[in-house]
Amino acid sequence: MSASLARRFKLDVSGDGTNWLPFKGMTDFAPTENPTTQSTADYDSDGFDSFEKTLTGWQLVAKANRKVNAGVFDPGQELVRARQFKFGDEARIWVRWYDRNGAPEARSGRALVEWNQSKTGVADIEEVTATFKGDGALEDIDNPHEDADTPVIASATPSGAAAGTTVTIQGANFTGTVPTTGVKFGATNASNWQVISDSLISAVVPAGSAGAANIVVTNAEGASTAFPYTRGA
């Protein structure tokens with residue numbers, strides 16, 4: 001009988017609970033339950049205490065090395081970091097974790113975020129600790145490890161670029177077994193585009209009138225959700 005490996009888990013994050021980005025670079029992963037119990041002892045318990053769980057909560061602490069590709073930080077990590085020092089909905093994020101090998105353990109919920117540097121020495125690799133404090137129910141989900149890897153767009157910079165300008169598109173599922181097959185601004189194919197990594201595409205804005213030109217990235221599995229983008233004059 002072999003031992004289960006701690007690194008079998010994968011963590012994804014989402015701003016809307018629908019479009020998921022991998023949280024890469026993890027070096028430590030620790031989900032916990034925080035139950036509240038009340039004593040149910042009475043005169044008939046012969047002096048022995050007993051308890052009932054009346055509330056429960058959850059928390060996930062993930063440590064990760066900061067990942068950079070072509071000078072750009074990992075989009076999943078950046079989605080989490082953007083919640084730092086925010087309030088209300090802007091401080092919350094959706095998380096899900098699951099066994100990357102397909103075992104049934106898989107959960108998802110919404111959480112408040114804490115983002116802190118955890119290594120700062122001159123000889124250290126940059127490490128961060130992301131703490132996700134459960135905000136409501138933690139649900140069991142079907143393990144998504146075999147879901148279709150359609151592209152996900154997290155950002156596009158600079159905003160408002162005019163035709164002929166190069167735009168950097170960040171996200172996930174741009175390479176791998178189902179590499180990107182197309183990039184569109186509105187209904188028009190990008191003038192030129194290059195997949196730099198699984199999370200980075202460089203694309204040239206095609207000719208067209210200024211205004212809405214939402215970006216869609218396509219691969220053999222399907223198309224990404226249209227990312228809101230406005231083409232400049």
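Residue Ser191 comes nearest to Val205 through the heavy atom pair OG-O, 3.6 Å, listed as atom of the first residue, atom of the second, then distance. The shortest non-hydrogen separation linking Leu200 to Asn69 is CD2-O, 3.8 Å.
Between the side chains of Ser39 and Asp49, at least one donor N or O lies within less than 3.5 Å of an accepting N or O. Side-chain atoms of Thr40 and Ser50 include a donor-acceptor pair closer than 3.5 Å. Between Thr181 and Asn219, the side chains place no donor N or O within less than 3.5 Å of an acceptor N or O (distance only, hydrogens not considered). In this model, a donor atom of one side chain and an acceptor atom of the other lie less than 3.5 Å apart for Glu33 and Thr56. Looking only at atom types and distance, the side chain of Tyr98 has no donor-acceptor partner in the side chain of Asp142 under 3.5 Å away. No side-chain donor-acceptor contact under 3.5 Å links Glu127 and Gln117.
With salt bridges taken as basic N to acidic carboxylate O contacts below 4.0 Å, one links Arg110 and Asp89. In this structure, Glu114 does not pair ionically with Arg83, as no charged nitrogen and carboxylate oxygen lie closer than 4.0 Å. Contact check on Arg7 versus Asp28 returns no salt bridge, with no Lys/Arg side-chain nitrogen under 4.0 Å from an Asp/Glu carboxylate oxygen. A salt bridge links Arg107 to Glu105: one of the charged nitrogens lies within less than 4.0 Å of a carboxylate oxygen.
Under the 30°/60° scheme for interplanar angles, the aromatic rings of Phe29 and Phe9 are found to lie parallel.
Using a 4.5 Å cut-off on side-chain heavy atoms (C-beta onward), Trp20 and Arg96 make contact.
A cation-pi contact, defined as under 6.0 Å to the ring centre and within 45° of the axis, links Arg66 to Phe73.
Taken together through direct or relayed side-chain contacts under 4.5 Å among Ile, Leu, Val, Met, Phe, Trp and Tyr, Ile93 and Leu11 form part of one hydrophobic cluster.
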